[in-house]
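Following: one structure in structure tokens, then a few remarks.
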Amino acid sequence: MRIVTRPDFDGIVCAVLLYRAENIDTDIKWVEPNEIQSGKTQILKGDIMANIPYSHNCSLWFDHHISNKPKGNFQGDFDIAPSAARVVYEYYKAKGILDNKYEELVFNTDIIDAADLTRDQVQRPENYPYILLSMTIKNKDYKDIAYWNKLVDLLREKSVEHILEDPEIKGRCNMVIQENIVYKKVLIEHTKIRHKISITDFRDLDIVPDGNRFLTYSLFPECYTSIKIRFNL
């Protein structure tokens, strides 16, 4: 039995819940959705998939994306929910396997995955522990697998306040805060508004900074959508 999920906060929390609910002693298989859709990742009998497209080879599947819902029967659960973690959580609570221990974690996962964020949460994530922690999760060619596994282990047993005191996590959180400060400045300097569309032109920058993807809309709330222009290096 193996957990197969994607490396975002929702996927990490799905893994936390599945480890608690099932008898699993294998490492997590981290994948991106397109790797399932393209057949690049082999799904095995016994695999539990969460927060990714369905494969008929798996034994259990959980998701909340309507575009991923299979037409036929499957084992597991699907619901139009704020997060896949919510689907997993309610499934095992109904079976009496999970209790309310992870209610706060799943509640915050709902907010994060549904992007149901206030302007203050977007602009000052350092005041919101779960949101800040979620922003430390990045996938750059699977270089952070050890970090994702570490988060799963910590979230299974520790409070978010305790987790944020871990030296590695504290360092990553501080990096996120600094990245957002720089990214906010760049957005303000390089964005123009046209017909309620924000257009950010990064082409005169040697390095395009990383930052919170929701900052654009919190800085320019009158806009319906955004466009970012950069060189394809």
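Computed from heavy atoms alone, side chains included, the values below leave out hydrogens, waters and symmetry copies.
Partners of Asp120 by side-chain hydrogen bond (donor to acceptor under 3.5 Å, both in side chains), not counting sequence neighbours, listed by chain and number: Arg124, Tyr128. By the side-chain hydrogen bond (donor to acceptor under 3.5 Å, both in side chains) test, Glu161 pairs with no residue at all, sequence neighbours left out.
If you check the side chains of Asn212 and Lys184, you find no donor sitting under 3.5 Å from an acceptor. Neither side chain, Trp30 nor Asn139, offers a donor N or O lying under 3.5 Å from an acceptor on the other. At a cut-off of 3.5 Å, with distance as the only test, a side-chain donor of Arg20 or Tyr102 sits close to an acceptor on the other residue. Side chain to side chain, Asp210 and Asn180 fail the donor-acceptor criterion of an N or O pair below 3.5 Å. Side chains of Ser198 and Lys192: a donor-acceptor N/O pair is absent below 3.5 angstrom, by distance only.
When every heavy atom of Thr5 is checked against every heavy atom of Ala50, the shortest pair comes out as OG1-O, 2.8 Å. The shortest heavy-atom contact between Tyr147 and Glu168 is CD1-OE2, 3.5 Å. Minimum interatomic distance between Ser218 and Gln123 (heavy atoms only, all atoms of both residues): OG-NE2, 3.2 Å. Taking all atoms of both residues into account, the shortest heavy-atom contact from Ile28 to Tyr19 is CG1-OH, 3.5 Å. Of all the heavy atoms in Ser134 and Ile131, the pair that sits closest is OG-O, 2.7 Å.
Surrounding NZ of Lys150 are more than 12 heavy atoms belonging to other residues, nucleotides or ligands, all under 6.0 Å away. Heavy-atom neighbours of Lys138 NZ from other residues, nucleotides or ligands within 6.0 Å: above the threshold of 12. In the displayed structure, Glu189 atom CD is contacted under 6.0 Å by more than 12 heavy atoms of other residues, nucleotides or ligands. Counting heavy-atom neighbours within 6.0 Å of Phe107 CZ, excluding the residue itself, gives a total of 12 or less.
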Subject >> Worked verdict on Glu222 versus Lys196 for salt bridge (Lys or Arg N to Asp or Glu O under 4.0 Å) >> reply: CA-CA 6 Å; Glu222 70 275 22; Lys196 295 189 175 181; over 6 Å; no
Original post:
Checking salt bridge (Lys or Arg N to Asp or Glu O under 4.0 Å) for the pair Lys158/Asp166: CA distance, chi angles, key distance, verdict?
Top reply: CA-CA 11 Å; Lys158 306 294 184 181; Asp166 178 273; over 6 Å; no
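Between Arg86 and Glu103 there is a salt bridge, with a side-chain nitrogen of the basic residue lying less than 4.0 Å from a carboxylate oxygen of the acidic one. Salt-bridge annotation for Asp204 and Arg230: absent, with no side-chain N of the basic residue lying under 4.0 Å from a carboxylate O of the acidic one. A salt bridge does not link Lys101 to Asp99: none of the charged side-chain nitrogens sits closer than 4.0 Å to a carboxylate oxygen.
Taking the centre and axis of the six-membered ring of Tyr91, the NZ or CZ atom of Lys93 falls outside the cone set by 45° and 6.0 Å.
Below 30°, between 30° and 60°, or above 60°: for Tyr130 and Phe9 the angle between ring planes is above 60°, a perpendicular geometry. Relative ring orientation between Phe202 and Tyr183 is described as parallel, the plane-to-plane angle staying below 30° on a 0-90° scale split at 30° and 60°.
The stretch residues 69-83 participates, sequence neighbours left out, in these side chain to side chain donor-acceptor pair (under 3.5 Å) pairs: Ser83-Asp110.
Side chain of Thr191 to backbone of Ile188: no donor-acceptor contact under 3.5 angstrom is found.
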